[in-house]
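Below is one structure, written out as structure tokens; the observations come after it.
Since we're looking at a predicted model, the values are computed, not measured.
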Protein chains: 2
Amino acid sequence: MGEAMKNDKKSNLYEQVYVSIKEAIVKGVLSPNERLREVRLAEMFDTSRTPVREALRKLEKERLVTFEPSIGAKVTELNDETITSIYECRSVLEGLAAKKAALHIRQEDYYQLSEYIILSRQYFQAGNIEQVVEKNTLFHETIVKLSRNPALIQMVEHVRTEILRYRIITSSFGFRTRGFDEHDAILEAINGQDPDSAEELMKKHIQEDLQNILSGLNQYSVNFNC
Amino acid sequence: MGEAMKNDKKSNLYEQVYVSIKEAIVKGVLSPNERLREVRLAEMFDTSRTPVREALRKLEKERLVTFEPSIGAKVTELNDETITSIYECRSVLEGLAAKKAALHIRQEDYYQLSEYIILSRQYFQAGNIEQVVEKNTLFHETIVKLSRNPALIQMVEHVRTEILRYRIITSSFGFRTRGFDEHDAILEAINGQDPDSAEELMKKHIQEDLQNILSGLNQYSVNFNC
DNA sequence: ATAATTAATATTGTATACAATTTATATCAT
DNA sequence: ATGATATAAATTGTATACAATATTAATTAT
């Protein structure tokens, strides 16, 4: 896949490499535990090792890549403990986001968020799961941005990337339709300017989501690993 | 194993450079908004630019360093909005840590945590503020580790480094003695295996701390900037 | 044939070299 | 002197070269 980047030569190469490796990991092109040899990656993206190494340093901080002493980089492996620990963090962070959003929401934000919920329901009816996930993601992202807390926005974005790895594996296994109703309730709390309810509902919502992911992950293990 | 290692070059150089730059930023040796020229840093640590660049990539992810398009790296500036946004995150993250700690605490952990509180009070009596800060930090760190949540541990460590920058500036301006009592209360809730109280008390404690930092930061601005 | 030792290879970690671009300085025309 | 233009220096971004170490293959001794 060496022809990955012919066009946009505007930005930095290490930035592009960073994004590309990240995507490859998230989408599973690079498998968990796979060793990441620098020369191979460099060839893959048709660059030298320098941008690759810098990209790997950034990915390490995002827990997508793990460095072992003098062996080098590996794709961080997936397991129940990791996803659980991440989700616990996500729960309180997005809970905070919902709380803050309730202080900042405006008419137009409300319409936007309503739209996402409506669309995700429609796409679900139509069986277009990919679009459902996208609209749901937008719903969450919008709320996080409404928090107007830069540190929070960065942290959640971080966490979201990690979670996406698991979601891609498990998305084929059923969908939690109750989630739509929970989104409704969260939005009403935010729009009703009730920060505490918004926080609590969001935390619960994400905890429910974790349960769904975990059962999906277990099925996955049963079907493919054993 | 043979000693007489020239420059204790056991670990990687980019790791050392990373730690060194980080420390320099936290301690204010490198000032906020100061431009970080790669050659200068390389000379500073007697290396080439390569390890410096890799270190900077990691620091960027920790928000200690900011990259501007083709200008390069700068030390991220300090301001009220940033510290507030970070503290809001810290509040919910350490709140979660306290909650989880209440599920995992053992006798020995309790004794350890009590010890830290006792020592910090003693050092305060003795006027040794540096040691007070150290023991307080250990108190918080221990609780976070008790959460047994790896993602949480990493995130909080992250956040703690950033906060340290502000604490160093403001530590000279008074100390919030009420904090000791709050630590007592938190520890009792954790040891009493009351996760919800532990979480709530920790969140409040950190919010109080923010107010103290902010007033310190304002004094600082008044005294030095204007 | 097996274990131990040695040679070859691969891979990471670091330094240097080069290209592109920006920034600062100097030169010149008016 | 002033402003414009050209020249030099500095700085980032990328590629390559080299050194140290770990891994693998080959060779030898038993």
Side-chain angles (χ1 to χ4, degrees), chain A residues 1-22 24-25 30-31 33-62 64-77, chain B residues 1-22 24-25 30-61 64-77:
Chain A
M1 339 286 177
E3 78 296 335
M5 47 194 63
K6 276 176 184 166
N7 307 347
D8 46 333
K9 58 200 167 189
K10 257 272 184 357
S11 77
N12 301 331
L13 204 43
Y14 67 81
E15 199 65 37
Q16 293 176 242
V17 172
Y18 162 73
V19 172
S20 300
I21 298 180
K22 187 167 173 174
I25 291 174
L30 297 170
S31 313
N33 249 329
E34 181 174 345
R35 193 170 163 188
L36 296 172
R37 291 187 181 80
E38 294 170 5
V39 282
R40 189 167 159 277
L41 289 173
E43 285 165 4
M44 206 163 149
F45 302 110
D46 200 34
T47 67
S48 76
R49 281 171 58 213
T50 311
V52 169
R53 285 179 66 88
E54 295 182 11
L56 290 176
R57 294 286 163 265
K58 294 182 71 167
L59 291 165
E60 182 189 10
K61 281 278 168 203
E62 286 187 83
L64 294 175
V65 158
T66 312
F67 277 82
E68 298 191 16
S70 54
I71 295 158
K74 279 185 168 183
V75 178
T76 305
E77 70 172 348
Chain B
M1 297 306 159
E3 280 162 321
M5 289 183 292
K6 289 176 202 167
N7 299 332
D8 62 293
K9 292 222 191 286
K10 186 150 194 258
S11 77
N12 301 332
L13 203 44
Y14 66 80
E15 198 66 36
Q16 293 175 242
V17 172
Y18 162 73
V19 172
S20 300
I21 298 180
K22 187 167 172 173
I25 291 174
L30 297 170
S31 314
N33 250 328
E34 182 174 344
R35 194 170 162 188
L36 298 171
R37 290 188 181 79
E38 294 170 6
V39 281
R40 189 168 159 276
L41 288 172
E43 284 165 7
M44 207 164 149
F45 302 111
D46 201 35
T47 67
S48 76
R49 281 171 57 213
T50 311
V52 169
R53 285 179 65 88
E54 294 181 12
L56 290 177
R57 295 285 163 265
K58 294 181 72 168
L59 291 166
E60 184 189 8
K61 281 280 169 200
L64 293 176
V65 159
T66 312
F67 277 83
E68 299 191 14
S70 54
I71 295 159
K74 280 185 168 184
V75 177
T76 304
E77 69 172 347

Exercise for review: Using atom CD of E54(A) as one end and atom C1' of dT14(C) as the other, report the distance to the nearest whole Å.
Suggested key: 13 Å

Check your understanding: Taking CZ from R53(A) and P from dG13(D), how many angstroms apart are they, rounded to a whole number?
Key -> 17 Å

**Study point:** Non-neighbouring partners of S20(B) that pass side-chain contact (heavy atoms from CB on, under 4.5 Å), sequence neighbours left out
**Key:** F45(B)

Revision key, fill the gap. To the nearest angstrom, the CG-C1' distance between L56(A) and dT11(C) comes to 13 Å

Point to revise | Atom pair CG (L41(A)) and CD1 (I21(A)), whose distance is rounded to the nearest 0.5 Å | key: 4.5 Å

Practice item. Starting from P on dT14(C), measure out to CD on E38(A) and report it in whole angstrom. Key: 11 Å

Point to revise | Which residues share a side chain to side chain donor-acceptor pair (under 3.5 Å) with R49(B), sequence neighbours left out | key: E38(B)

Review point. How is L36(A) classified with respect to the nucleic acid when contacts are heavy atoms under 4.0 Å: base, sugar-phosphate, or nothing?
Key: sugar-phosphate

Any N/O pairs under 3.5 Å between the protein and nucleotides 15-19 of chain D? List them or say none.
| unit_1 | atom_1 | unit_2 | atom_2 | d |
| --- | --- | --- | --- | --- |
| dA15(D) | OP2 | S48(A) | N | 2.8 |
| dA15(D) | OP2 | S48(A) | OG | 3.0 |
| dA15(D) | N7 | T50(A) | OG1 | 2.8 |

**Study point:** Pairing residues for K61(B) by the side chain to side chain donor-acceptor pair (under 3.5 Å) criterion, not counting sequence neighbours
**Key:** Y18(A), E62(A)

Review point. To the nearest 10 degrees, how far apart in direction are the end axes of the helix from dA1(C)-dT30(D) to dT30(C)-dA1(D), each fit to five base pairs?
Key: 30°

Review point. Just wondering, do T47(B) and Y14(B) contact through their side chains at under 4.5 Å, heavy atoms?
Key: no

**Study point:** Atom-pair distance (CZ on F45(A); C1' on dG13(D)), nearest Å
**Key:** 18 Å

Point to revise | Nearest-neighbour nucleotide for the N12(B) side chain, dG13(D), dT11(D), dG13(C) considered | key: dG13(C)

**Study point:** Nucleotide dT11(C), atom P - distance to CZ of R37(A) in whole Å
**Key:** 5 Å

Practice item. Check the distance between dG13(D)'s P and Y18(A)'s OH and give it to me in whole angstrom. Key: 16 Å

Review point. Can you name the side chain to side chain donor-acceptor pair (under 3.5 Å) partners of E54(B), sequence neighbours left out?
Key: R53(A), R57(A)

Exercise for review: Please identify each residue that fulfils side-chain contact (heavy atoms from CB on, under 4.5 Å) with E34(A), with sequence neighbours left out.
Suggested key: L30(A), S31(A), R40(A), V75(A)

Check your understanding: Are the side chains of K58(B) and E15(B) in touch, meaning some heavy atoms are under 4.5 Å apart?
Key -> yes

Check your understanding: Whole Å only: how far is the NZ atom of K74(A) from the C1' atom of dT11(C)?
Key -> 14 Å

Review point. Who passes side chain to side chain donor-acceptor pair (under 3.5 Å) against T76(A), sequence neighbours left out?
Key: T66(A)

